Every structure is written in C-alpha cells, then in structure tokens.
Amino acid sequence: MPVLGALSVALEVPSLAEGITFYTDAGLQAADDGKVARLRCPGQDRDSIILIGGAARKRLHHISLRAEKLDEIAGLAAGAGGKVVDAPEGFEDNGLWIEDPHGMLIHLMEQAADPELEATVPFEVNGPGRVTRKRRSAMLPGASYPGARPLRLGHVLVFSPDVPASVAFMTGALGMGLADHAQDIIAFCCARKDSDHHVVAFAKSPGTGFHHASFQVGDPDEVGRGGRALLAKAGKGDWGFGRHTIGSNFFHYIQDPWGSWFEYYSDMDHIDDYALWTPTNYAMDDSLANWGPDVPGDFVHNYEVGEEFV
Ligand SMILES: [Fe+2]
C-alpha cells in the first residue's frame, strides 16, 4: 500500500501576498521568504500549501503524498504510463518525483504519520425517539466561536484530461484504491489502509490543473461558520453549506484569488481496509452533492486552461 495520505499541494501564483492573505484568513499559518510561502495547519509541524510567487497565472506545480516502498513505485511508474523525473528547481531531491501520464508532477515522501488528532466532543443531534441533549442549547451566540481551525489537509482534487487513465496510474503505480466515481467525469482515490474516503480526486477537463484542497475542521457547524467567515473576507464565489453523496462529508467551498477552491469538511467516510470496500459508479446527479445550494457556474472550470479568472 505505497500511498498512505496527502501531504501538500504546491501552486505557482501571480501574487504571494494575495495567497498568504487568503490562506491565513482560512486559518492556516504562513511563513515566507518573499519568493515562496509555506502554509500549515496550526499545531502541525509540516506544510500543507506551498505558494511559489512570480507566475504569470495560477498553475498547479505538484502534489505531495506520504508513501512507502518508493522503489516499488519507481519500478511501476513507466509501465503505468508515467515516469520518474528529477526534483524540480527549488525543491529538494528527496523521496521520489514522478509524472503521471498527463505530466502532473507528484512528490512522494516517506515520513512518519501525523500525530493522532485529539478527540472532540461528539456532535449531538436530538432525533425522533433519541433525545440526548436536554436543558441546554446546542448553539452559543455566533460571536462566541473562534475562527475555523483547519486540522489537517485531507484531500486534493485535480483536473485530468482522462480521468480513468489518471485513476489507472494512481492504482497501478501508486497502490491507491478507487473509492468511488461518477462515470468517467469524476473519480476518488484512497489509500488502502486507514484512509479518508478520498485522498486524491480527479475531475474531467481539457487539461491538468488544481481544483481544490480540503481541510478537516472539528464538526459540521465549523464547516458552515468557517465558510461564511472566509467568504466574507475573500469576496469571490462560494459553494455550500452542503453535503456530498460521494464521501458523505459536509462541505463549504470558498473561491481563492485565482478561481480554484478551498474546502472545509467534516464527517468524511473512512475506509479502514480497501479490500472490504466496494466502489460505486454514481449517476451524475450525485457526482457533486446530495444537497446544497445551486452549484456555481464555474465550480468545475479549470482556469489553468483557456481564459484566466478575473
Ligand atoms: Fe473535496
């Protein structure tokens, strides 16, 4: 089971300052040297978002995944349509750098798992025949809550010109599993052991590109509250509060300065053993959400291909 989880996504961006403002407003912590900004979840000792400044327009640089048995992956990459490459300029020659069949750069690194997240108070719902919360309110006045606190990067969704080919590479060379998909339009890959429902997902587009990075927060309320607060600061588009069918997570997506998205999520399906999971091919009606607001017209638009986001 070579791929074990998501580590980070690196983007080339036109404005480092705009990117730092957006991601720190989302609750990440920033460090930058004027050329590269590194953003991490509070309490984590590693980066989740890397922004490389000075680009003409936003572009996916690479994704990083935690993995094991890198020699095995290196041996399988070419046969699965990809190739092993040198570390790109400005990045360490550590781990394994490979390109998938569409030239998307993937950095695989062997490193220890993140420490287990602290358990939170259960999210209680008073339901028919099951009243567990009595003589107290579930909600405090809105101003009582601190800003959203991203706990960890859960998954990354990228664009692909051929979703089944991308999935075949992730399963054939990187040892991931296909969790679920909707036709050949969108597909979700997981690690084979103790994985969120998806770690890397693909959406069909004329080219490669970055769609969104998704960060886990404490509970569904924090998804909705955090989404509203970030939307007010970012001032672009949003989609949410809603709940996905595929993966089951509550979501709120906020548009970043370049037309791609930041997702807060809570309550994702968990696949502890991929051998015991059966992938479903969903109809397009369920490909995006089970319920939620109308989907913005450019939600699945790849601004790295064709016209630029303004
Ligand atoms: Fe997502």
Side-chain angles (χ1 to χ4, degrees), residues 3 5-9 11 22-23 26-28 39 41 48-49 60 63-65 104 148 150-160 163 166-167 170 176-182 185-191 195-205 208-220 222-224 226-227 230-231 234 236-256 258-271 279-280 282 284 286-296 298-304:
V3 166
L7 286 174
S8 63
V9 57
L11 306 174
F22 177 79
Y23 282 109
L28 300 183
L39 296 115
C41 294
S48 292
I49 301 282
L60 174 63
I63 62 171
S64 292
L65 304 171
M104 183 178 79
L151 299 169
R152 67 185 180 93
L153 173 66
H155 63 268
V156 177
L157 192 148
V158 293
F159 290 111
S160 164
V163 171
S166 294
V167 170
M170 302 309 271
M176 300 189 82
L178 171 64
D180 288 311
H181 64 113
I185 306 299
I186 190 161
F188 300 84
C189 295
C190 60
S195 179
D196 269 9
H197 174 275
H198 46 280
V199 172
V200 182
F202 298 92
K204 191 172 182 178
S205 163
T208 58
F210 169 70
H211 182 271
H212 76 265
S214 185
F215 288 82
Q216 186 180 13
V217 292
D219 62 29
E222 195 171 339
V223 172
L230 182 55
L231 173 66
K236 307 263 194 251
D238 79 317
W239 184 43
F241 178 76
R243 190 163 196 177
H244 288 301
T245 300
I246 306 179
S248 303
N249 53 303
F250 294 95
F251 65 81
H252 201 149
Y253 293 85
I254 310 301
Q255 202 159 28
D256 71 21
W258 320 287
S260 37
W261 304 83
F262 177 99
E263 181 187 16
Y264 292 115
Y265 80 92
S266 175
D267 196 13
M268 171 75 80
D269 291 338
H270 186 86
I271 299 173
T280 297
Y282 286 90
M284 289 312 296
D286 273 301
S287 62
L288 289 178
N290 196 285
W291 55 263
D294 288 344
V295 183
D298 67 345
F299 184 69
V300 198
H301 185 81
N302 184 359
Y303 284 108
E304 296 179 37

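As a basis for the values below, the full set of heavy atoms in this structure was taken, side chains included, without hydrogen atoms, waters or symmetry mates. For reference, positions follow the sequence shown, starting with 1. Every number for a ligand or one of its atoms is a count from 1 in the order of the listing. As the structure is a computational prediction, the values presented were derived from the model and not from experiment.
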query = Counting backbone and side-chain atoms alike, does H155 have an N/O/S atom under 2.8 Å from the Fe ion (ligand 1)?
reply = yes

key: Verdict with supporting geometry, F251 and W239, ring-ring contact (aromatic ring centres under 6.0 Å, His included)   = CA-CA 8 Å; F251 65 81; W239 184 43; 4.5 Å; yes

key: F215 ring center near F262 ring center (under 6.0 Å)   = yes

inquiry  = Would you say the ring centers of W261 and F299 fall short of 6.0 Å from each other?
reply    = yes

ask   = Any N/O/S atom of H198 sitting less than 2.8 Å from the Fe ion (ligand 1), backbone or side chain?
value = no

key: salt bridge (charged side-chain N to carboxylate O under 4.0 Å, His left out) evaluation trace for D196 with R152   = CA-CA 12 Å; D196 269 9; R152 67 185 180 93; 2.9 Å; yes

note = Atom name of the N, O or S atom of E263 nearest to the Fe ion (ligand 1) is OE1

